[in-house]
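Each chain gets a letter, A, B and so on, in the order the sequences are listed, and its residues count up from 1.
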Number of protein chains: 2
Amino acid sequence: MKIRIGIMGYGNLGRGIECAIKQNDDMELAAVFTRRDPSTVKILTDGVGVYNVSEAVSMADKIDVMILCGGSATDLPEQTPEYVKYFNVIDSFDTHAKIPEHFAAVDAAAKESGKVGIISVGWDPGMFSLNRLYANAILTDGKDYTFWGKGVSQGHSDAIRRIEGVVDARQYTVPVESALEAVRSGSNPELTTREKHTRECYVVVEEGADKARIENEIKTMPNYFSDYDTTVNFISEEELKANHNGIPHGGFVIRCGKTGVNGENSHIIEYSLKLDSNPEFTSSVLIAYARAAYKLSAEGACGCKTVFDIAPAYLCKQSGEELRKNLL
Amino acid sequence: MKIRIGIMGYGNLGRGIECAIKQNDDMELAAVFTRRDPSTVKILTDGVGVYNVSEAVSMADKIDVMILCGGSATDLPEQTPEYVKYFNVIDSFDTHAKIPEHFAAVDAAAKESGKVGIISVGWDPGMFSLNRLYANAILTDGKDYTFWGKGVSQGHSDAIRRIEGVVDARQYTVPVESALEAVRSGSNPELTTREKHTRECYVVVEEGADKARIENEIKTMPNYFSDYDTTVNFISEEELKANHNGIPHGGFVIRCGKTGVNGENSHIIEYSLKLDSNPEFTSSVLIAYARAAYKLSAEGACGCKTVFDIAPAYLCKQSGEELRKNLL
């Protein structure tokens with residue numbers, strides 16, 4: 001019997017989950033839930049129903065793990081504690097500062113329902129967090145660095161789109177190569193925000209718009225751009241569609257640390273991702289942890305968990321014997 | 001109360017463990033055990049005893065976790081199943097092909113004694129294995145690459161030393177940069193042994209030795225060198241001591257995979273290590289897993305485990321709350 005996956009929310013992430021299920025033959029898509037009119041939502045999998053979110057709870061016995069594909073700002077803080085009352089759930093909650101309260105809410109509900117809820121799954125938080133943890137556990141005397149990109153920041157792109165006269169925009173976060181090299185050299189540099197990343201903006205404006213004003217508004221925008229070296233490129237809508245249509249991302253987690261009698265030996269641990277599609281990679285991580293949720297629940301576990309709490313073997317369909325033989 | 005660590009075997013690895021304990025304030029060194037005459041072994045930690053291995057079992061109640069620092073060829077296959085009868089143990093067993101039988105032997109003994117035995121801890125097997133597993137779980141449609149180096153291979157250095165006329169030698173395994181770049185490009189190259197690594201040898205010979213013969217014997221040595229592009233540098237003993245006295249190592253684990261409706265998006269996951277001291281880094285990994293063994297044992301777990309079976313949070317002294325707040 002396959003693990004039956006439900007998808008709650010059918011945007012980029014939901015579609016990514018649907019594709020990822022096809023790459024994992026121990027899983028099947030059971031249902032897709034949407035806030036839209038289900039008749040308007042076309043999915044890629046034949047024979048699987050699309051339902052209104054209001055029908056989800058009544059289908060609890062048909063779904064082993066529900067993957068919540070909503071946003072962290074307003075959807076997940078409500079959805080995850082609510083749906084874990086009925087389902088094993090996974091989310092990609094990524095508001096770092098609010099993880100403790102989200103964890104507490106999901107944990108309380110999950111312990112009451114006897115379900116498993118795994119939160120903050122993806123690559124940051126997620127795989128990057130795991131690599132920070134492993135590297136910190138090994139090199140206790142050291143320093144962490146996280147760089148993001150090159151990749152599209154949805155939040156920064158949206159911020160540009162809100163400026164008057166802007167039709168569309170794409171913002172890339174770019175790690176500064178010389179900063180990366182300084183970190184890899186083991187020199188443990190202190191790096192400012194400006195020294196670590198630059199921001200590249202591709203902006204489509206209305207005809208006759210004041211480009212100088214728009215460029216200035218972008219570059220001086222607090223929190224989003226004012227602390228960075230930002231370049232603004234005005235391009236046509238056609239060029240934006242042709243050359244900036246993807247959602248690539250990635251980044252680097254590096255820890256430099258010392259060992260020895262007097263800290264005389266240096267070590268560098270580096271983890272990096274180079275992703276053509278941010279949502280599809282995130283979906284692939286979510287699916288692996290959905291398998292873990294299923295296995296944990298089958299063993300009788302319940303409560304809220306993060307990637308820190310889950311033994312790696314739970315992510316795999318292979319047996320312990322196979323994993324030891326082929327991957328250890 | 002601190003976690004009391006025993007060290008079985010006081011070579012490079014044992015000394016590395018001793019240094020690593022000093023970097024972890026929730027641990028203390030309880031005792032060092034040696035096959036040598038204990039009076040001839042000087043350790044770095046004041047007030048800690050050095051004992052003959054024959055005394056270990058009688059000190060079982062003074063040690064929470066015993067770290068076995070012997071070799072994989074003959075020591076560990078005997079020691080780990082034996083000592084897990086009395087102690088929670090950790091080893092760095094690295095004969096990949098024999099891991100299944102080693103696991104079975106340790107598991108049987110550990111289940112009988114009620115102790116925890118964690119085997120094959122270090123960086124390969126160990127952190128590299130973990131990264132292979134995580135990357136395979138996420139990118140199920142992909143290809144793995146492991147490169148080693150630049151670093152000293154003890155086995156290859158020893159093989160050179162066995163050649164007639166050789167006084168001393170150091171062999172570096174070096175990943176081929178162009179092969180690494182090809183992998184990172186996402187082109188999924190098929191790489192032969194020769195295309196992935198080169199071997200650099202620094203050799204000190206007896207006066208009047210036939211260098212041409214020695215160079216030929218090295219380059220044509222089956223298994224060790226004949227499948228590689230090997231360079232042989234004859235140097236003086238002084239130069240060997242001055243420039244090749246360290247034990248650096250490292251390497252790269254890379255997985256390239258595809259996602260999407262038709263596999264149209266590529267992703268690259270890369271993990272790399274650059275280590276000044278192979279034994280000290282390995283020791284730091286062992287110490288983190290010693291903490292895990294202690295916690296698991298305190299929870300009532302027993303049996304043989306590998307890095308695949310242990311939730312990451314067990315490696316850390318911080319609480320779940322602290323880890324979620326600071327590292328997730």
Side-chain angles (χ1 to χ4, degrees), chain A residues 16 19-20 23-24 44 96 99-100 103 120 125 127 129-134 136-141 184 186 246 257 259-261 264-277 280-281 283-285 288 291 306-313 315-316 320-321 323-325 327-328, chain B residues 16 19-20 23-24 44 96 99-100 103 120 125 127 129-134 136-141 184 186 246 257 259-261 264-277 280-281 283-285 288 291 306-313 315-316 320-321 323-325 327-328:
Chain A
C19 292
Q23 294 185 308
N24 288 275
L44 305 165
H96 287 262
I99 286 174
F103 183 93
S120 301
M127 298 313 296
S129 322
L130 272 178
N131 277 279
R132 283 188 286 263
L133 184 149
Y134 278 118
N136 273 267
I138 296 167
L139 296 175
T140 51
D141 178 13
R184 288 181 184 132
T259 65
V261 182
E264 65 274 23
N265 287 314
S266 289
H267 308 278
I268 297 172
I269 304 174
E270 176 169 342
Y271 179 80
S272 69
L273 296 173
K274 194 176 148 206
L275 313 175
D276 273 0
S277 165
E280 287 179 10
F281 186 82
S283 298
S284 298
V285 182
R291 182 180 291 119
T306 74
V307 294
F308 294 163
D309 307 310
I310 294 171
L315 307 186
C316 300
E321 289 76 10
L323 293 175
R324 284 190 292 276
K325 186 162 184 284
L327 294 174
L328 195 63
Chain B
C19 293
Q23 294 186 308
N24 288 275
L44 306 164
H96 288 263
I99 286 173
F103 184 93
S120 300
M127 298 313 297
S129 322
L130 271 178
N131 276 280
R132 283 187 286 260
L133 184 151
Y134 279 119
N136 273 269
I138 296 167
L139 296 175
T140 51
D141 178 13
R184 288 181 183 131
T259 65
V261 181
E264 65 274 24
N265 288 313
S266 289
H267 308 278
I268 297 172
I269 303 174
E270 176 169 343
Y271 179 79
S272 69
L273 296 173
K274 194 175 147 204
L275 314 174
D276 274 359
S277 166
E280 287 180 11
F281 186 82
S283 298
S284 297
V285 181
R291 182 181 290 116
T306 75
V307 295
F308 295 162
D309 307 309
I310 295 172
L315 307 186
C316 300
E321 290 76 9
L323 293 174
R324 285 190 292 276
K325 187 162 182 283
L327 293 175
L328 195 63

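Of the atoms belonging to B/Leu130, it is side-chain heavy atoms, and not backbone ones, that fall under 4.5 Å from chain A. Residue contact with chain A, scored on non-hydrogen atoms closer than 4.5 Å, involves the side chain of B/Thr306 exclusively. Proximity to chain A involves both the backbone and the side chain of B/Leu133, based on heavy atoms less than 4.5 angstrom apart. Heavy-atom distances place both the backbone and the side chain of B/Ser277 under 4.5 Å from chain A. Only the side chain of B/Ile99 comes within contact range of chain A, with heavy atoms under 4.5 Å apart.
Atom OH of A/Tyr134 sits about 3.0 Å away from atom OH of B/Tyr134, to the nearest 0.5 Å.
Remark: A/Glu321 engages A/Arg324 in a salt bridge (charged side-chain N to carboxylate O under 4.0 Å, His left out) (not counting sequence neighbours). The side chain to side chain contact (heavy atoms under 4.5 Å, CB included) check on A/Ala311 picks up A/Tyr314, with sequence neighbours excluded.
When A/Ser272, A/Gly186, A/Pro125 are compared by the number of non-hydrogen pairs under 4.5 Å with chain B, A/Ser272 comes out ahead. Most heavy-atom pairs under 4.5 Å with chain B, from the set A/Ser266, A/Ala137, A/Ala288, A/Cys316: that is A/Ser266. The candidate with the highest count of non-hydrogen atom pairs below 4.5 Å against chain A, out of B/Gly260, B/Ser283, B/Ser120, is B/Gly260. Ranked by non-hydrogen atom pairs under 4.5 Å with chain A, the options B/Leu273, B/Leu139, B/Asn136 are led by B/Leu273. Among B/Val307, B/Asp309, B/Leu323, B/Asp141, the residue making the largest number of heavy-atom pairs under 4.5 Å with chain A is B/Leu323. Of all the listed residues (B/Glu264, B/Lys325, B/Arg291, B/Arg132), the one sharing the greatest number of non-hydrogen pairs under 4.5 Å with chain A is B/Arg132. Of the residues considered (B/Leu315, B/Leu275, B/Val285), B/Leu275 shows the highest number of contacts with chain A, using heavy-atom pairs under 4.5 Å.
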* To do: Show the numbers, then the answer: is there a side chain to side chain contact (heavy atoms under 4.5 Å, CB included) between A/Asn265 and B/Phe281?
  => CA-CA 9 Å; A/Asn265 287 314; B/Phe281 186 82; over 6 Å; no
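When all heavy atoms are compared, the tightest approach of A/His267 to B/Asp276 is ND1-N, 3.5 Å. The shortest heavy-atom contact between A/Lys274 and B/Arg184 is NZ-O, 3.6 Å.
The backbone N or O of A/Gln23 sits less than 3.5 Å from a side-chain atom of B/Thr140, completing a donor-acceptor pair.
You'll find the side chain of B/Met127 stays beyond 4.5 Å of the side chain of A/Ile269, heavy atoms only. Two residues are said to be in side-chain contact when any heavy atoms from C-beta on lie closer than 4.5 Å; B/Val261 and A/Cys19 meet this criterion. You'll find the side chain of B/Phe103 stays beyond 4.5 Å of the side chain of A/Leu328, heavy atoms only.
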